[in-house]
Amino acid sequence: MNAESSGGSAPPLLGQACYPPPEALRRAAPLPDAAAYLSFLAHSRHEPEEFLERQARELAWSRPPEATGGPGRWFPGGALNLCRECLDRFLPAGAAETVLCGGIVSGASRELSRAELLRRLAALAGELAALGLSPGQRVLLLLPPGEMLAVALLAVWRLGLCAVPCDPAMEPGRLARRIRDCACAAVVVAPDLKEMDPGLLPVLRVVARTDAQGTSTAPPPVEVSAMHPALVVADAAGRLLTLPTAGFILQAKLAYRWLLDGRGARDRHGFICPSHHVSLLSGFAGALACGGMAALLPPPVDAEGWGLSRTLGLRVLTVRGKSLPVGADQQAIRPAHAGPELLAVEGETLEPRTFHWLRESLFNGDTHVIQVLSRPEGGGFVAGPCPGLIPIRPASVALPAPGLDLLVVDRSGQPCPLNHGGLLALRCATPGLPLELQREKPPLVLGVRVRLDAEGCLWPMGEWSPPRGQSATSLPELEAALAAIPGVEQAAVVAFSDAEGVSRTAAFVRLTAGVQDVETVRLRLRERFGENAMPDSIQVVSRLPVSRTGKLLRSVLRRVARGEEIPLDELEAVADPETLRMLASRDPRAS
Amino acid sequence: MADGSHLRARLGETARTLERELFSVLDGVKEGAEDPLLCCLCPPAVTEVARKVRWSSLVINPGSTSTKVAVYSGLTLLAQDELPIPVDREDGVEPRVGSVREWFSRRGLNLSEVTGIAARGGFLAPLPSGTCRVVPAMLQDLERAPYPHASNLSVPAALRLAELIGPEVLVTVTDPVTCDELDPEQRLTGSSLLRRDGLAAHYLNHRACAGILAWLLGCTSAELHLVTCHMGGGMSAARHRGGRLVQVSPGFSGMPSANRSGALPLHQVLRALEQHEVSLSDLRRELLSEGGLLALAGTQDFKALFERARHAEDPAVRQKIELVRRFFADRIAQAILELSAATAALDAIVLTGGLARDADFCREVSARLHLPVPVLRLPGSAEQQALAAGLLSACADPSRQLDYVKAREELAARRRQEDALLDLSIFEPGPRRPVLPPTRLEHVLALARADELLDVAVVGADNEEALLAVKLAVEAGGLARFLLVGPYARVAELAWELDVVVDERNVTLVDSADPVATSMELLQRNQADTLMKGSVMTAALLKGYLELMKKKGPPQRKMRLSHLGLFEIPGRDRLVAVADAAINTYPDVEARLEILENALQAMHLLGWKKPKVAVVSAVEKASKAVTSSVEGETIAHRMQERDDLVIEGPLSVDLALSPFSAREKRYPGRIRGDADLLLVPDIDAGNAIYKAFTVASGATIAGAVIGGERPFVLTSRGDSSRSKLSSVALALAITRRQKRENVA
């Protein structure tokens, strides 16, 4: 890639502006030049096993993995704990070092040392442990970005639980859907949310307090497998995706080091993003796991946020492009002081004029502004330039992150020619990919439209959501799979909403006597579709309700599944009312 | 493909037995029992699962006068019916859905029990055959359906019903009329302008016939080499090979049918159009809705016609009916014979559709074939069963479903690949001298082309119309480089949507919050040669342009921007220019003289040495009662001495454009129906002429705003893609010539 300085304060009207890395960043870069970085990237793509093995060696495994593994089974045999990876491993030597800068929720900044952080999370972890939650269960963290969120994340990970962060500022309808869909076992809320509608939060709740003294002893870290669920995030269509423990932290550390210019000890990074955004979660975990410091700050990027970033002395600030002010609002936050050394804007497209405004107006042309791309489907940061080594072209996210083999495909999955707009995709599964996508047939589309130019740079062209419902296992598919199991004589699967409004499915099967049992049926179904697509219940019945014309009455089955009474008029329509009485006498959810 | 000789032998020996078996299968279709045709069409594994699971399937097949519906429980036909559309009620999705709901309640069926809906499909995008799950992209494609057809209602109606039932219901379409599996050689015509598509054949029934025959023979349909001929209200024929329909005689331009003319002698059509003996609308009607049997006999009902022959007392009527009967038998046989001209021997010919119920008529068709191939009858249609079978197969094995968008894109990509071969020049044509003055818009395109590309700034490129024009121009090649000026993210997203390739060579994004100002800056810096209007308001663009011109200093003459439209009208052998139909609203005489001057300059540059200018009015003689006639006379008088034009005014449009009218009215002037430029009195008259040409006469327009330093392009939402490309070409052609002759 050629680096040319655009020179002057105004960007060129035509032709791509290209900004070379500032000298300060270049001097601190971990590699001598861009060529060395490109070679490192190529190696990570062409020798993935060796690359992963080397990266994985840096994780604080309590039991090292037997191998690198592959899609759906990365790092088999390995055991680790995310809280230890981010915090405990640096104790007691670094106990006094500051690792977390507080948010602006309380109107003031606070700084926490590792020791304080441990005490704080010990209190919350103790409360969560007292609820009797078992590893892998989901805990909703209904918290704004800030130290409460940081404490809650580490407490949840310490217990081997799966965190589902959710920003209370989310649009109410979307928030309600997220809470409903994530099926969490407990929720951690901010004190000001403790009176929240009980219908919305029907599960056990714990209130995270900023003034908690945290004198209790922290429970020991629970060791979990590499593929253990660590975090649940959602894609643009609201589909929940579960990030695996080892893959998530591995990708987060790589992104922190190579895309966000992370330098480890005492290096201050700030993130201005909503709580549930994968860039904030990945950046936070990456910074702490590399020994750096992280500040989680709520959007938007306004005068207060800029002021705080200075107060906290942040060297690198990652903000969401959508949170940046536009038009007249830009004037309101024009600071008279220098900003962070590196500003990373995360999002689909950082428009050149916004780039220019950020660089010239806010930072007098000194600050390096980069655009990075994170995708929940990709497990965190997926692309960005390596600051200090790769020149910046406004509106481009430059190159794939280390270890990711990205390509651009059309809607049928075929590679696009250069400069043809297509969909960003991963050529093959990586350890950081959500569990739901691990076994999908590559290329794995990442929900963003891009073009790839002749120099290998990626240019985002907006978000893209796959057509709804195409990847979900349909009811007929489940029914057909059940019917195809030897010994299943008849099968029906119905969808219904339970009393809490959660969508559920129930299967009813009629089996050949003595040939098959329900556990085998369940096993066969799980083998084919995995746990996520399994019906909530499978009930063995001796007959299925049919009408007098021979039609299977699924509406009756839905009522049975909901545990409702069957109206008399439907009894009359049924060829054999005895079937209904037999069905109604059993609770399908029991099986 | 397996050697079909054993199948041919068996078919030859047992054709009549097979036909009897076929009839017994057809007789077995009864409510309350398993549908034998459906059992034939479902793969054995699907049949087995469907019996166990008993999916409740609704089949919906909208026709022009009724909606055919059927409900199955597994393989059992519970109910079927044909729901007429009352003649006094408006047709549409809601009335069709309402009639289905009424029917459910009348038959004591429960709509909420339905687990899947099989819909007919309609004019979707071209697809390979198979079953697709219904997706929103289908609705978008149906909005752009090339032909109105009742089957276009089936997808929206099925989705509406699915909404009423619940989110779990699976909605599919199977083998829509837009299947396209043609072999590349079948897509060629003798013209480089047109390529055959596979649209508008009864794919559902053709494939079902092959499936049923294969089931009877105990083989797969991929092993059969067949010609099937659907003889229903519409008629189409297809040749099946290797499980694909590799050649078709389509429903719109092959055989005549109940209300479609079928193929017509093209040279006569052209002549009739040129002589104004028929209009495009006449032809469209004949081709799509009022031709065929309806035009020949006044009925769409073959059965009624043949019945009439038996009872008509008038021998002339009987003779006419006999003539019509022979005509149809001839045309059907010819279509079958055309499809039978294959390199491999056929296994069988199957006659199907409602007309196949008439054994005598089928014998008449067979008698004309003289082929050593058994001809079988499969009366009626198996569309209902084919739709149900597609749905059941999709339920039982989702991997059998085609992903609509993917299948559409893959087929389009394959066709593009084939097109590259079909478009390949074998002998390079020698250099062509541009035709001057241009008589077709293609000539304007040729004038616009050069090795050195011009730079066009698209002002407000976050506009679909403008980007489509850019895409067409880039694909046409050799015209221009485009600078897409506008908000970067929005333009990039739209470029992605429309597949505009932003390669920084032919197309470059220029980020701007104020596209007018940025574009003017590009013009001022000579980084753009001309402009194309995008999302910005025309008034804002003109204002920005005039301000830029002011900055550049006083013009050589008073500047007036005006619109010039070049129309290519079917049936005319030359282009007609119109000025000004878009910019100046009610110009006075002086303004109209400036508009005329603008148009003349542009036309001279394009090659008109002495254009014939008609100053249009309602009358040919100046009358105080008609202001435009007085003004027309003044304008013509003031320009009379010029030797670079022929001008007459006032002149009515018919005298200006119709030699016939000029002859009939004995008009003595020099313009007798051969005007090159119509100078219209105001925007009302101009716009009326513009729309009359494009909407009623099928004209294509190339339009540009002229009068400034450089012309610029205005495209309208209503413009066809050819218009958009031609408009770009017109502005570029003028710009090139201006630059060459240094006029500006």
Side-chain angles (χ1 to χ4, degrees), chain A residues 11 13-16 327 348-354 394-395 410-414 417-422 449-451 453-454 459-464 467-470 473-477 479-480 482-484 488-492 494-495 510 544 546-547 549-555 573, chain B residues 32 45-46 48-49 52-56 71 73-74 76 78-79 108-110 112-113 115-116 133 135-137 166-168 170 394-398 403 405-407 409-410 413 483 487-489 492-493 495-497 499-505 508-513 518 521-522 525 527:
Chain A
L13 208 51
L14 276 185
Q16 286 170 5
E348 297 77 43
T349 302
L350 173 62
E351 297 196 300
R353 63 201 134 100
T354 311
D410 62 19
R411 272 173 273 205
S412 62
Q414 296 303 310
L418 289 179
N419 285 313
H420 282 248
R449 309 185 287 194
V450 291
R451 71 180 171 93
D453 71 12
W459 300 78
M461 298 174 90
E463 279 205 344
W464 182 80
R468 275 195 305 161
Q470 283 198 351
T473 310
S474 66
L475 297 189
E477 194 174 358
E479 288 177 324
L482 279 169
V488 174
E489 289 197 349
Q490 223 179 336
V494 291
R510 190 159 68 83
L544 284 172
V546 289
S547 71
T549 54
K551 189 169 55 160
L552 183 63
L553 293 169
R554 286 181 172 78
S555 57
Chain B
V46 174
E48 195 185 327
V49 173
K52 286 182 176 180
V53 183
R54 295 202 206 176
W55 286 298
S56 184
V71 173
S73 174
T76 304
L78 295 183
L109 298 164
N110 185 356
S112 69
E113 293 289 353
T115 55
R133 187 181 187 143
V135 293
E168 299 84 27
L170 175 67
C395 286
D397 183 2
D403 177 327
V405 174
K406 192 173 169 185
E409 306 288 329
E410 279 176 357
L483 313 171
Y488 187 97
E493 280 183 32
W496 189 94
E497 294 281 352
D499 287 332
V500 176
V501 180
V502 183
D503 57 1
E504 306 286 344
R505 193 163 43 89
T508 304
L509 299 187
V510 181
D511 184 31
S512 171
T518 308
E521 204 177 333
L522 287 167
R525 293 184 187 181
Q527 287 175 320

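This structure is a prediction, so every number in the text was calculated from the model and none was measured. Side-chain atoms are counted along with the backbone in the values below, which use heavy atoms only and exclude waters and symmetry mates. In the text below, chain A, chain B and the rest are named by the order of the sequence lines, each starting its count at 1.
Only the backbone of A/Val450 comes within less than 4.5 Å of a heavy atom in chain B; its side chain stays farther off. Contacts of A/Arg451 with chain B are made by side-chain atoms alone, with heavy-atom separations under 4.5 Å and no backbone atom involved. With a threshold of 4.5 angstrom between heavy atoms, A/Glu351 approaches chain B through its backbone and through its side chain. Contact of B/Ala79 with chain A is not made at all, since no heavy-atom distance falls under 4.5 Å.
Minimum interatomic distance between A/Asn419 and B/Val502 (heavy atoms only, all atoms of both residues): OD1-O, 3.4 Å. Here the closest non-hydrogen pair linking B/Trp496 and A/Gly422 is NE1-O, 2.7 Å. Among all heavy-atom pairs drawn from A/Glu477 and B/Pro398, the shortest one is CG-CG, 3.0 Å.
No other option in A/His420, A/Arg510, A/Met461 has as many heavy-atom pairs under 4.5 Å with chain B as A/Met461. Ranked by heavy-atom pairs under 4.5 Å with chain B, the first of A/Arg353, A/Gln414, A/Glu479, A/Gln490 is A/Arg353. Per-residue heavy-atom pair counts under 4.5 Å with chain A were compared for B/Leu170, B/Asp499, B/Thr115, and the maximum is reached by B/Thr115. In terms of heavy-atom pairs under 4.5 angstrom with chain A, the leader among B/Asp503, B/Val53, B/Val49 is B/Val53.
Each of B/Leu109, B/Asn110, B/Thr76 was evaluated against B/Val71; a single residue qualifies, B/Leu109, per the side chain to side chain contact (heavy atoms under 4.5 Å, CB included) test.
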Exercise. For side-chain contact (heavy atoms from CB on, under 4.5 Å), just list the numbers for B/Arg54 and A/Val546, CA-CA rounded to whole Å, side-chain angles, deciding distance to a tenth of an Å, and then say yes or no.
Key: CA-CA 10 Å; B/Arg54 295 202 206 176; A/Val546 289; 3.2 Å; yes
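Not counting sequence neighbours, B/Glu410 has no partner by the salt bridge (charged side-chain N to carboxylate O under 4.0 Å, His left out) test.
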